[in-house]
Amino acid sequence: MMDEQLLSLVLFSGTDDKLNAAAVLTAGAAALGRPVHVFLQYWALDAFRKDRIDLDHGLAPEAGPEGRKAVDALRAAGQPSWAETMRQAKDLGEVEIQACSLSMDLLAIEESDLDPLVDGVEGVTAFYLATGNGQIVFI
Amino acid sequence: MMDEQLLSLVLFSGTDDKLNAAAVLTAGAAALGRPVHVFLQYWALDAFRKDRIDLDHGLAPEAGPEGRKAVDALRAAGQPSWAETMRQAKDLGEVEIQACSLSMDLLAIEESDLDPLVDGVEGVTAFYLATGNGQIVFI
Amino acid sequence: MMDEQLLSLVLFSGTDDKLNAAAVLTAGAAALGRPVHVFLQYWALDAFRKDRIDLDHGLAPEAGPEGRKAVDALRAAGQPSWAETMRQAKDLGEVEIQACSLSMDLLAIEESDLDPLVDGVEGVTAFYLATGNGQIVFI
């Protein structure tokens, strides 16, 4: 079944470490030819604003100063940002990124405020209909 | 298969933003006629105590003051709380909310301490048996 | 299908409460005879370093001082640590724990730095191939 193959990621968290974990999971699935459906909520949606996507979004609290240093060192060594990895994933495979309409209201943003990585806005019903019985991962 | 349709949500986090995301995912699935099984652990369980369910449970750290303001503005404009959305979801469809027995011990609470939204207490084995091969989402 | 039975856990968070929730979900699945595949990323991987696995890794921010006290009281009453629960889960059933190769690079650690609970290092592609269409839970 097509929908068993589909991987649905609900992105909620807006820190760079979780967004990077999400981007790596997206790119990995896309590289294997699996369609990926990304649904952006809350602080993850905020991070996809076109005037914020390249800013520093911080890390999970448990990262601490040592985690911060590790992340900075890897970026300095040439690791792409999560936004770049998401772009590569879209070039590589079938990756659709949708903003949650309720979170759009919450953050009082318009579709034109979002980075072109985002394909559109949808409600939770549309999300479930696209997802079917495929895997759902909340990040 | 019935259990392919079932959506199981393990709620761990106790902040209002994550609980609201969980309530919206629950209500959306219920509206589509899908059964939802919610399993409450740790700080999410704590938030379902009847004397705390209507309190302010804070937001994820990355919300920041701007996120706080956005959440408060939406509530002031009439958005229901996550607890109200969970209640609506239960009216709408087949939503079962169970407290994790290990987390009950951890927090030293009795079933009578919990809001009536919670249907009972179960162990992790009962959770898996109810879940079958359906989707599991950890929030 | 074998891969419908398999439960895949992506562990990202490195706090003791989330790691304990993950260990309980692992042990519960193993006790039911379900194979479990654990993939360690970021701060969860850091917590599996052999010189850190028995340290205090803190709690999610929303735990607060009351949550801290509850967790400490349960440990004092004899509750096993998450690392002990993971060890029991491996004795009990088919539990494989793999470190994410990208996170190994991020944290600049070698396989010999990891606790013997960790079975090896794999990339995200190997993770997906092992996972198939089974449930994926991100913690």
Side-chain angles (χ1 to χ4, degrees), chain A residues 1 3-4 6-19 37 39-47 49 51-52 55-64 98 100-109 113 122-139, chain B residues 1-13 15-34 36 44 58-64 66-80 82 85 89 92-93 132-139:
Chain A
M1 293 296 137
D3 69 4
E4 300 261 306
L6 179 72
L7 176 69
S8 293
L9 303 181
V10 181
L11 305 196
F12 171 94
S13 300
T15 55
D16 286 326
D17 45 0
K18 283 215 178 161
L19 289 164
H37 188 95
F39 189 55
L40 301 175
Q41 296 188 320
Y42 278 87
W43 324 120
L45 175 60
D46 194 70
R49 288 168 117 127
D51 59 346
R52 297 189 182 176
L55 300 183
D56 177 352
H57 298 91
L59 301 174
E62 73 255 38
Q98 293 284 338
C100 168
S101 55
L102 288 174
S103 292
M104 294 290 285
D105 291 345
L106 169 71
L107 301 173
I109 49 182
D113 297 326
E122 72 183 8
V124 72
T125 302
F127 166 73
Y128 277 123
L129 293 176
T131 295
N133 293 327
Q135 296 154 333
I136 301 180
V137 180
F138 185 95
I139 298 182
Chain B
M1 296 293 135
M2 203 286 265
D3 70 4
E4 300 262 306
Q5 268 276 78
L6 178 72
L7 176 69
S8 295
L9 303 181
V10 181
L11 305 196
F12 172 95
S13 299
T15 55
D16 285 326
D17 46 358
K18 282 214 177 161
L19 288 163
N20 196 55
V24 165
L25 290 172
T26 300
L32 287 167
R34 295 186 57 178
V36 185
L59 300 174
E62 72 256 38
E66 193 187 320
R68 177 80 259 174
K69 214 181 281 184
V71 168
D72 291 345
L74 206 60
R75 283 301 302 281
Q79 191 208 36
W82 57 263
T85 301
L92 209 61
N133 293 329
Q135 295 153 331
I136 301 180
V137 181
F138 185 96
I139 298 181

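Hydrogens, waters and symmetry mates play no part in the numbers below; they use all other heavy atoms, side chains included. Every chain is numbered from 1 and lettered A, B, ... according to where its sequence line falls, protein lines coming before strand lines.
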Which one wins on heavy-atom pair count under 4.5 Å against chain A: B:Ile136, B:Leu59, B:Val71?
B:Val71
Please identify, among B:Lys18, B:Lys69, B:Glu66, the residue contributing the most non-hydrogen atom pairs under 4.5 Å to chain A.
B:Lys18
Answer with side chain, backbone, both or neither: which region of A:Ser103 has an atom nearer than 4.5 Å to a non-hydrogen atom of chain B?
neither
Can you tell which part of B:Leu25 gets under 4.5 Å to a heavy atom of chain A, answering side chain, backbone, both or neither?
both
Heavy-atom closest pair, residues B:Ala29 and A:Tyr128:
N-CE1, 3.4 Å
Which residue out of B:Val137, B:Val24, B:Asp17 racks up the most heavy-atom pairs below 4.5 Å with chain A?
B:Asp17
Mind checking what makes ring-ring contact (aromatic ring centres under 6.0 Å, His included) contact with A:Phe127, not counting sequence neighbours?
A:His37, A:Phe39
Honestly, the part of B:Ala27 sitting under 4.5 Å from a heavy atom of chain A is neither
Can you tell me how far apart CD (B:Gln135) and CZ (A:Phe138) are? Round to the nearest 0.5 Å.
14.5 Å
Minimal heavy-atom distance between B:Arg34 and A:Gly132, with the atoms involved, is NH1-O, 3.8 Å
Could you tell me which portion of B:Ala63 (side chain, backbone, both or neither) has an atom closer than 4.5 angstrom to a non-hydrogen atom of chain A?
both
Contacts of B:Asp72 meeting salt bridge (charged side-chain N to carboxylate O under 4.0 Å, His left out) (sequence neighbours excluded), chain-then-number -> B:Arg68
Contact part of B:Gln79 toward chain A, heavy-atom cut-off under 4.5 Å: side chain, backbone, both or neither?
neither
Pick one of side chain, backbone, both or neither for B:Ile139, based on which atoms fall under 4.5 Å of a heavy atom in chain A.
both
Could you give the distance from CZ (B:Arg75) to CG (A:Leu106), rounded to the nearest 0.5 Å?
12.0 Å
